[in-house]
Number of protein chains: 2
Amino acid sequence: MDDRPHVTLEDVAREAQVSLATASRALNGTTKVRSDLRERVLAAAEQLAYTPNAHAQALAGGAHRTVGVICHDVSDPYFAGISRGVMRAADEAGLLVMLASTFRDPQREIAYISMLRAQRASAILLVGSGFEDREWERALAAEIEPYQRGGGQVAVVSRHRTLRVDSVQPENREGAAQLARTLTAQGHRRFAVLAGPRALTTVVDRIRGFREGLAEAGVELAEHDIVEAAFTRDGGHAAMSELLARGFDATCVFAVTDVMAMGALAALREAGRSVPEDISLAGFDDIPVVRDLAPPLTTVALPLEELGEKVMELAVRDNRGKRSRILRMPGTVVVRESTRPIDCA
Amino acid sequence: MDDRPHVTLEDVAREAQVSLATASRALNGTTKVRSDLRERVLAAAEQLAYTPNAHAQALAGGAHRTVGVICHDVSDPYFAGISRGVMRAADEAGLLVMLASTFRDPQREIAYISMLRAQRASAILLVGSGFEDREWERALAAEIEPYQRGGGQVAVVSRHRTLRVDSVQPENREGAAQLARTLTAQGHRRFAVLAGPRALTTVVDRIRGFREGLAEAGVELAEHDIVEAAFTRDGGHAAMSELLARGFDATCVFAVTDVMAMGALAALREAGRSVPEDISLAGFDDIPVVRDLAPPLTTVALPLEELGEKVMELAVRDNRGKRSRILRMPGTVVVRESTRPIDCA
DNA sequence: GCGCTTTCTGAATGCGCTTTCACGCTAGGA
DNA sequence: TCCTAGCGTGAAAGCGCATTCAGAAAGCGC
């Protein structure tokens, strides 16, 4: 860009016949300016359609009013809910939110953080970026720590082992355990799990919690009953299809996310199995659409928007020197019609 | 931020024992630098965890590598699809994408554009920002035109009457007409429409097209058969509920967006009406989830990701002085199970 | 060995803005 | 009336970087 140069503060000052400093002060209202001068400056700015150059402002020590949010995919309903919350909180704080999708590529995640650092964003929010991978953790730390040292705020949604950051953590483990209790109480004894990549902490936590909840009823979950697939609708579809092809005796299937559950539901429908008559299905997250499925999905509701708001608030709050805070957000089991009580086999 | 100052190029230069200019050149590779010096600079930068200040770079004349995308709501699946396309194209072009939600508030839309101007973003993408409102058009033009004069690129998804910008336009009118033809061919003669705010060009176009398609079969759509509601799932639910409460004799309901159709479907289910046995239902957009509804939704498929890619490409391509281009993207009617042929009444 | 061109380097300039700093002005107290 | 505060103003410094410009070093032919 920059064919024709932009209108600058100097242009405004000249037009208003005042000094550059006065123009700046009139526009920002930081110091008292004689009212007739202010009028002149404002009028000139208006007339010239002046917009301050944010880069120059930032460089000259003005506040950085932008936060970056990095997620796997903005079009994932799970993140969509969170982003609503983030945006609302950001709006209140007068911040501009930059969203970026990594598509689960750790490299890209690092690259985006680096860009945000370069922009001197006032905060970086990582949503669900938990990989259980030593090398990645190191690379991430190598970006995050200098950023924090430079005064940048970082907050994450999810669990992080190594990073020293504020975080909002959905209680995946306890939520899944609670779901397991609900299902065993309905009489289910044989389960299958549709899992996302085991490298993700979210997946690991949910499976572990589910297992623990099951164990309380004396039910065991064999490794064989866990099918791993992509963390998407189609992944859920594929995993369910595999299960169907292989043959299984579970009365209830737990998909670790609602999005995967949707794929599973489609696969079941295609296979002529009806839910919940033939088999029960449960998900996790309670993204908005699942209540509109047929049957509406039993799931663990996470307060997604609230998650977003909280993480934003953590990032905005001034916490220099203080130790990192952790906000745990419990989930709530929502029983809908995709699961049903059965007679104990 | 900026507790402790950031590591600057000067620090790197000092550490590497070269001049600032040499350090800059070594890092950017713009000019040849003696290899041992380059090594030293790179090592120093690495060691100090140096990240260039994007503001300073921008101010000093470096390229602006960021584009802003403004939409109603990033969590709307319609936009989510588009954003995927935008991100992919941006990624190829090496651009950083800033997303923002206006929540259909014209004021906020203007504010975001202003912020993007201030950031000197290299391009601004407006997704579906068509209001039929003179005053808003004026305010928008007052932001957009100076931005363009300054060399900024602007491209939009949707129709714009007054703005002189490149645009990608889904063929709402023709798509809706095509849908109407399909439905009348199925034997439907009496329709109701669930509409969003009539101030939106998208809504207006779809209704008009639907009417035109109907007219070809000699069917008329009375104003009375159009229910206006919010452009959301709940809006669709409310509109359908109103229709049900009021009593109506349509055999087929057309919701102007899939999101609204989802709400309508829920309302019908709650009312004990089955789709398509009791009544047929059609939507528009073909957002991913609707194929997983029960019944899967008949709709008009828009190539959402492609829309996003195209609009990004328009914004990236250099088009100074050239006249604005319009890319029309046709929709395709997808008949699923939410509509069924009926005997002519 | 001399003068020339070719490379590469460092000092200095400026991007547009905020913010000190110092000065001129008016108002108030002596 | 004179002096001191106090308020507003303009000049200027500097934020971190890319880049121009001039000069130093190195390479070449004679």
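Below, all heavy atoms of this structure are taken into account, side chains as well, without hydrogens, waters or symmetry copies. Proteins come first, then strands; the chains are lettered A, B, ... in the order of their sequence lines, and each starts at number 1. Just so it is clear, the model here is predicted, and its values are computed rather than measured.
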From [options], pick the nucleotide closest to the side chain of [X]?
{"X": "Tyr50(B)", "options": "dG10(C), dG16(C), dC17(D)", "value": "dC17(D)"}
{"X": "Thr22(B)", "options": "dG16(D), dG10(C), dT18(C)", "value": "dG10(C)"}
{"X": "Arg34(A)", "options": "dA18(D), dC17(C), dT9(D)", "value": "dT9(D)"}
{"X": "Ala21(B)", "options": "dG16(C), dC8(C), dA11(C)", "value": "dA11(C)"}

Check whether any side-chain heavy atom of Met115(B) sits under 4.5 Å from a side-chain heavy atom of Thr66(A), and report yes or no.
no
How many whole angstroms separate atom [atom1] of [X] from atom [atom2] of [N]?
{"X": "Arg120(B)", "N": "dG16(C)", "atom1": "CZ", "atom2": "P", "answer": "8 Å"}
{"X": "Asn53(B)", "N": "dG16(D)", "atom1": "CG", "atom2": "P", "answer": "7 Å"}
{"X": "His55(A)", "N": "dC15(C)", "atom1": "NE2", "atom2": "C1'", "answer": "11 Å"}
{"X": "Arg38(B)", "N": "dT9(C)", "atom1": "CZ", "atom2": "C1'", "answer": "14 Å"}
{"X": "Lys32(A)", "N": "dT26(C)", "atom1": "NZ", "atom2": "C1'", "answer": "17 Å"}
{"X": "Leu27(B)", "N": "dT19(D)", "atom1": "CG", "atom2": "P", "answer": "13 Å"}
{"X": "Leu37(A)", "N": "dC25(C)", "atom1": "CG", "atom2": "C1'", "answer": "14 Å"}
{"X": "Gln57(B)", "N": "dC17(C)", "atom1": "CD", "atom2": "P", "answer": "19 Å"}

To the nearest 0.5 Å, what is the distance between CG (Leu125(B)) and CD (Gln153(B))?
10.0 Å
Distance test, side-chain N/O of Ser24(A) to OP1/OP2 of dT18(C), below 4.0 Å:
yes
Whether the Thr201(B) and Arg159(B) side chains hold a donor-acceptor pair (N or O, under 3.5 Å, no angle test) is what I'd like checked.
no
Side-chain H-bond candidate by donor/acceptor type, Thr8(A) with Glu10(A), under 3.5 Å
no
Indicate, with a heavy-atom threshold strictly under 4.0 Å, whether Leu20(A) touches base, sugar-phosphate, or nothing.
base
Counting the atoms with a prime plus P, OP1 and OP2 as sugar-phosphate, which does Thr8(B) contact under 4.0 Å by heavy atoms, base, sugar-phosphate, or nothing?
sugar-phosphate
SB check Asp73(A) Arg104(A) (cutoff 4.0 Å)
no
Find the partner of dG16(D): check Watson-Crick (N1-N3 plus N6-O4 or O6-N4) and G-U wobble (N1-O2, O6-N3) distances, both under 3.5 Å, and reply none if neither fits.
dC15(C)
Which residue lies more 5' along DNA chain D, comparing Leu9(B) with Asp36(A) via nearest heavy atoms
Asp36(A)
Donor-acceptor pair (no angle test) under 3.5 Å: Arg25(B) side chain, dT20(D) base:
yes
